[in-house]
Every structure is written in structure tokens, then in C-alpha cells.
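Right, one structure below, let's go through it.
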Amino acid sequence: MNLSHPFIDANGDKLREECGIFGTINADNASALTALGLHALQHRGQEAAGITSYNGDRFYSVRGTGHVADNFSTEEALAELPGHMAAGHVRYSTTGGSGLRNVQPLFADLASGGFAVAHNGNISNARTLRDDLVSRGAIFQSTSDTEVIIHLVATSRYPTMIDRIVDALRMVEGAYSLIIMTPEGMIACRDPHGIRPLVMGKVGDTITFASESVAFNVIGAEMIREVEPGELIRVDYDGKIESLHPFGNIKPRPCIFEHVYFSRPDSVFVGQSVYSSRKSIGEQLAIENPAEVDLVVPVPDSGVPAAIGYAQQAGIPFELGIIRSHYVGRTFIQPTQGARTSSVSLKHNANRALVEGKRIVLIDDSLVRGTTSIKIVQMMRDAGATEVHFRVASPPFANSCFYGVDTPEREKLLAAQMDMDAMRDHIGADSLAFVSIDGLYRAVGLEGRNSACPQYCDACFTGEYPTPLTDQAGRDDKDAQLSFDRVA
């Protein structure tokens, strides 16, 4: 990935989920509900959105760049998406993948009828599978790894659609949550480790699926449960719900970074309030890494819940020492790296009257490349803080994610290149500390990390990936990427 690419966030210093998905069936206003659900998932992807609907006769698709509201806020737009079933997708694009051809849901006419799929995750053997499919005559229309799934379903020899989907997914490695639409109904499924999230809800006779429970709140739906790791749920137009577990008994490994950063704080993940988890992480951080300071200051907005927990545990006042402007455009529109570098001061401003003459501890959710952290620390010093300590509500992020999260290559990750003292000096803080990996597990309700069989996917911290990385192992170019969306 080219980190100077204009579609990378200001300093390449925040991790980004690459997409969110939502689907609904047996609803009079399926496309409108889907648009509302996607709006609640906007934080998971802000560069493109798409919705596909089915009216019992044919499929309809509308896709566009920008936010959900840019594309689906009018009656005219939703009128183009009739039917009682719809699925939608919000996404971030990465280098080489921002074109409309990659905006989901992807649709294909198969021999058995229309087939639409919305995918959250990343297929770690997609390049290998694609090469094999192309050698057998497949023609790809996008550069998305999701299209591999469509071709695998299309070429399966099994007689029923559900068997073809299972056959296809048995060949797939990596992470996926899928919402699939066929003329017979909707199918939702999650990879055997459950790395990427997917939940099921209900409002009246309407069944919904979403990446996060917060999407149900906006449409008045009740969350029923999570889609289990390795589960396929099929819903037909009569309201019949069928659950299948075709992949055997595999230990779940959901992404622990959903607790730390990706999910909205008002979501529920693995049965826990995300907001409560983040406060607990802050409490654990204070227990493990106290600081003799006058104020606890969050790096807004993602550091706020952890900072509240840290302040409550430490008995130190919580204050908004940094004020964030919510009216600044995304920094990827800046034409030069120099302009992007100055964007931190546009988004964040020191509350000088509060921090001047004070010892402060800054709380942030993660430390990736450190470029934003350098500027935030310096901003506090310029505002008159006498000491600036830095505490991070996750362990050192030292490994790239290959499961659907847009991360820099490992050589660009600060924790992969420096020890603790070097990182502290690099960002200019008086002290630097991270929550421990066991502390993170305790904060999300466990006794600690089971090193023999980890309860979550924590590869970004530990380097222990739960699935094979076939494409990564076979690459001969250090800049090669797993996802086709990342091909320059």
C-alpha cells in the first residue's frame, strides 16, 4: 500500500475498517431500512456506499461514492430500489480500489438466477483462487476479493444454492461476514473463526442483519443474537429461518480491536457493551500504568471512553484538554503531504486555559505510525503543559492485519521498528505505556489471554494469525498485498 496515496487518512495513523454491511428481508420498505442501517454504520466506511434490492422479479442496484446520505437520502433514490429484500454496503477504498466497479453489493446473473453479495472482511487466499479461476476461463469485472466468492459459487457443481455457497466457502481462507441475496431469499454467514462481526435482528416480521447492533437501533429493531462463527442463516419470504453449521467445531476468534476502536461505543460486541469495554480498558491501563499528573485528557474522539475509565480508576480529573472540530473535511482531500501534515491542527486544538501549567496524561486508543501522536504531544507543550505523558488503550500494534482492516505494512508500524524508550522519544512524551495483552483481555471480561488457544484474534498485537495467509506466504514482492483492492 502506498501510504502517500491521497485516499489514505491524513497521516496513515488511524486504522480503518474497510466496510460495513446491512441486510433486510420481508420489509415493505426494505431499501429505506437498509439506507438507515448503513447510515448507522457509516463509521465503518466513508468513501462509497451501495444498495441492491429484489422485488420478486428482478434485482436493482444503486452504487455511488461518498456517504450514505449523498446517495440514498431522497425518495427518488430509494424509488429506484423497489422490493421486500435489500442489502447494502459501506466501504473504504484502498490504493487501486476506489472505482465504482468495486462498490458493493456485487451482483451477477448465475445459471440459477440473480446473486448479490455484500462482504465485510478479507480473503487471504483470494489471489491464489483468482489465478486458478482465470486459468479456467473466469472473467473478473472488479478488483475486489469478494468477486472470487461469486465465481466459486458459479462454478460449483452442487445442485442447490446453499450447497454451492458452502462448497465455495470451504475453499476460502481468511475473514468474512456475508449477506447474500438470491431469488429464494437471504443468506447471512460468518467465517468459522467469526473474525468479522455480524448480528441478527427483528422488527415485526422483518429480519435484519448488520455488522453492528447499533444499526438496529435506528430502525427500531431488536437484536436477536450474533450470527455464530461458521454459521449460515437462511431466511425465506415466508419468514422461515434455518440455521446451518457446515464447517465443524472451530474455536471462535473474533477481532478484539472491535472492542478497542472499530465498533461504535453504543454497539454490543460478543455480548458486551463496547462503551463499557473501553472504559474498563482505561481502568486497566490506570492500574498497570499510573501517572502522577493533574489532568487526564483524551485524544478525541476515540480516546474518550478509555480516558473516563482511566480518570475514575486513578482519581484524577478528566478534562477536555483537546477540542476537536467536527466541521473539517476529511484530510485525504488535501493535495499535498505538506497540507495533510497541517491537518492535525485543523481537526484538534489545545484548550490552553485548561492545560497551561498542568501535568497531563493523554489517552488514545492506539499508536500506529505515531505521526498524529507527535503533533498532539507538541500541541500540548505549546499550550503550556509542564509534563505530557502518553497512555495507549491497546497493546503495541506491531503486525499488519490481513482480515479486512486497512493497516500499513509492518515496516511502517512504530511498534515493529522501535522499543518503548525509542517510541517515547519519537513522539516526544515524558513517558509512554500501553495496556498489556492480558490486561486487555481482563478488560473485556476474561481472566486473561489463553496463550494455548487465544479467545480473540489479536494478531495485530501478537503476530499469531488464526488462519493461513496463503497469498502473503507466496508473494515475491514486498509491496504485494492480499486484497485486490490494494493492488496499485
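Keep in mind that this is a model prediction, so the values were computed, not measured.
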Please check if atom CD in E222 has more than 12 non-hydrogen atoms from other residues, nucleotides or ligands closer than 6.0 Å. no
Is the ring centre of H39 less than 6.0 Å from the ring centre of F72? no
Shortest non-hydrogen separation from H259 to S277 and the atoms involved: ND1-OG, 3.3 Å
Just distance, no hydrogens or angles: give the donor-acceptor pairs under 3.5 Å from side chains in residues 353-363, sequence neighbours left out.
residue: R359; atom: NE; partner: D294; partner atom: OD2; Å: 3.4
residue: R359; atom: NH1; partner: E292; partner atom: O; Å: 3.3
residue: R359; atom: NH2; partner: D294; partner atom: OD1; Å: 3.1

Where is the tightest heavy-atom contact between S213 and M223, given as atom of each residue plus distance? CB-SD, 3.5 Å
Using the ring centroid of each side chain, check whether Y465 and F402 are separated by less than 6.0 Å. yes
Side-chain donor-acceptor contact under 3.5 Å, S373 with D364: no
Taking the six-membered ring for Trp, are the ring centroids of F257 and F397 within less than 6.0 Å of each other? yes
Look up atom CD in Q313 and atom NZ in K279, then write down how far apart they are to the nearest 0.5 Å. 11.0 Å
Output, in order, the C-alpha distance, side-chain angles, deciding distance and verdict of side-chain hydrogen bond (donor to acceptor under 3.5 Å, both in side chains) for T470 and N125. CA-CA 5 Å; T470 298; N125 65 336; 5.2 Å; no
Between K375 and D382, does any side-chain N to carboxylate O distance fall below 4.0 Å? no
Partners of D421 by salt bridge (Lys or Arg N to Asp or Glu O under 4.0 Å), sequence neighbours excluded? R424
Answer yes or no: are there more than 12 heavy-atom neighbours, outside N249 itself, under 6.0 Å from its atom CG? no
Between atom CD1 of I308 and atom CD of E283, what is the distance when rounded to the nearest 0.5 Å? 10.5 Å
Tell me the closest heavy-atom pair linking R44 and S211, and the distance in Å. NE-CB, 3.9 Å
Drop me the distance from M379's CE to N351's CG, to the nearest 0.5 angstrom. 11.5 Å
Nearest non-hydrogen partners of L33 and F22, listed with the distance: O-CE2, 3.7 Å
Note, F461 side chain near L440 side chain (heavy atom, < 4.5 Å): yes
For the pair R225 and E231, find out whether any cationic side-chain nitrogen is under 4.0 Å from an anionic carboxylate oxygen. yes
R324/D301 salt bridge by N-O under 4.0 Å criterion: yes
Under 3.5 Å donor-acceptor, R264 side chain and H43 backbone: no
Can you give me every donor-acceptor pair (side chain of residues 442-451, partner residue at least two apart or in another chain, under 3.5 Å) with its distance?
residue: R442; atom: NH2; partner: E288; partner atom: OE2; Å: 3.4
residue: R449; atom: NE; partner: D458; partner atom: OD2; Å: 2.5
residue: R449; atom: NH2; partner: D458; partner atom: OD1; Å: 3.2
residue: R449; atom: NH2; partner: D458; partner atom: OD2; Å: 3.4
residue: R449; atom: NH2; partner: E464; partner atom: OE1; Å: 3.0
residue: N450; atom: OD1; partner: A452; partner atom: N; Å: 3.1
residue: N450; atom: OD1; partner: C453; partner atom: N; Å: 3.2

Which atom pair, heavy atoms only, marks the closest approach of F216 to G201? CZ-N, 3.3 Å
Is any side-chain heavy atom of S124 closer than 4.5 Å to a side-chain heavy atom of T467? yes
Rounded to the nearest 0.5 Å, how far does CD1 of I437 lie from OG of S394? 9.0 Å
